[in-house]
Trainee: 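This is the structure I have questions about; it appears just below.
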Amino acid sequence: MQIATWNVNSLSVRLPQVLDWLRTNPVEALGLQELKLVDEKFPHAAFEELGYHAVSFGQKTYNGVAWISRAPLQDVVRNIPGHDDTQARVIAGTLPTAAGPLRLVNGYFVNGQAPGSDKFAYKMAWLEALQAWLREQLAQWRRLALVGDFNIAPEDRDSFDPVGLAGSIHHTDEERAHFRGLLGLGLHDAFRLFEQPDKTFSWWDYRMLGFQKNRGLRIDHILVSDALKDGVQACQVDRAPRKNPQPSDHAPVVATLAG
DNA sequence: ATGACGCTCTTAGAGCGA
């Protein structure tokens, strides 16, 4: 079975592309970020026509996350419990599978703008709260996947310009320490379980022909728990939708799991 | 480089993303 993550940068604008992608990539579950849509406007009918269920957690103008899944998710949680937040950034639920329940956590991690800014401080606090909550989630659900737009390039090889961008947003030691903290909980970057082509990225700036020049970052990730690790069969970035007219600036990331 | 490009809210220009 396959699970995927995709920052669509407005579901209203990208809906036809998401539906097209699901027709050719009929994954079991797809985590979406940056819906920029209130829940009342979530296009449930369009996904139901394709045989999918959806749970959304949106807000006006910014942020917003959703899970699209073949089977309805159970025990759905919106945002990090106990962490006061005005921004809709997390949705989690449990997918029943033949191998047992699969906990699916989808996050639109904070961007953080620049080190030293208020937004960066918010990012650090948010990452702290996420890690504490995930520790609990992992204790409760052995089979867990954390997917989303992490807004962290975990290592130098995940950036088109690690020297020029050293210390800037997505590249700071503080952000990378938080990413390693997640790995320390017993999570594994599915993409790095396999040999991958150099300079594989999941986001490219709209400006300056970023995609054409492959000036990108790998900031969209799928992390899997210890119990899932050995069953991961593949993990890839699907660059194809980034070539669409009027694309999202992010490409989907897909992981193939046993079962 | 206070840039670029795209989306939202609102209807000309600001805020934000990454």
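Here the structure is a predicted model, which means the values were calculated and not measured. Protein chains get the first letters and strands the later ones, always in sequence-line order, with residue 1 at the start of each.
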Trainee: When the nearest nucleotide of DNA chain B is assigned to P247(A) and to N151(A) on a heavy-atom basis, which residue is associated with the more 5' position?
Mentor: P247(A)
Trainee: Give me the other members of the hydrophobic cluster that L50(A) sits in, counting Ile, Leu, Val, Met, Phe, Trp and Tyr linked by side-chain heavy atoms under 4.5 Å, directly or via other members.
Mentor: W6(A), V8(A), L11(A), L15(A), V18(A), L19(A), W21(A), L22(A), V27(A), L30(A), L32(A), L35(A), L37(A), F42(A), F47(A), Y52(A), I68(A), V254(A)
Trainee: In whole Å, what separates the P atom of dA1(B) from that of dT11(B)?
Mentor: 35 Å
Trainee: Report the residues that fulfil side chain to side chain contact (heavy atoms under 4.5 Å, CB included) with D205(A), sequence neighbours left out, ordered by chain and then residue number.
Mentor: W203(A), R207(A)
Trainee: On a whole-Å scale, what distance lies between the C1' atoms belonging to dC7(B) and dA12(B)?
Mentor: 15 Å
Trainee: For DNA chain B, note the earliest and the latest nucleotide, 5' to 3', having some atom under 4.0 Å of a heavy atom belonging to chain A.
Mentor: dA4(B) to dA18(B)
Trainee: Syn or anti for dT10(B), with syn set at within 90° of 0?
Mentor: anti
Trainee: Assign R14(A) to base, sugar-phosphate, or nothing according to its heavy-atom contacts below 4.0 angstrom with the strands shown.
Mentor: sugar-phosphate
Trainee: Within the structure shown, what part of the strands sits under 4.0 Å from K123(A) by heavy-atom distance: base, sugar-phosphate, or nothing?
Mentor: nothing
Trainee: Salt bridge or not between D158(A) and R192(A)? Use side-chain N to carboxylate O under 4.0 Å.
Mentor: yes
Trainee: Categorize H171(A) for me: base, sugar-phosphate, or nothing, with a 4.0 angstrom heavy-atom threshold over every strand shown.
Mentor: nothing
Trainee: Charged N to carboxylate O below 4.0 Å: is that the case for E155(A) and R176(A)?
Mentor: no
Trainee: In whole Å, measure the gap between the P atoms of dT10(B) and dG6(B) for me.
Mentor: 23 Å
Trainee: With heavy atoms under 4.0 Å as the rule, sort D220(A) into base, sugar-phosphate or nothing.
Mentor: nothing
Trainee: Mind checking what makes side chain to side chain contact (heavy atoms under 4.5 Å, CB included) contact with A227(A), not counting sequence neighbours?
Mentor: R142(A), R143(A), S225(A)
Trainee: Map S10(A) and K119(A) onto DNA chain B by nearest heavy atom, then report which one ends up closer to the 5' terminus.
Mentor: S10(A)
Trainee: Please enumerate all residues that pass salt bridge (Lys or Arg N to Asp or Glu O under 4.0 Å) together with D226(A), with sequence neighbours excluded.
Mentor: none
Trainee: Using a 4.0 Å heavy-atom cut-off, does F211(A) contact any base of the nucleic acid, only the sugar-phosphate backbone, or nothing at all?
Mentor: nothing
Trainee: Not counting sequence neighbours, which residues clear side chain to side chain contact (heavy atoms under 4.5 Å, CB included) with R215(A)? List them please.
Mentor: F160(A), K213(A)
Trainee: If you look at every strand shown and take non-hydrogen atoms under 4.0 Å, does D205(A) touch a base, only sugar-phosphate, or nothing?
Mentor: nothing
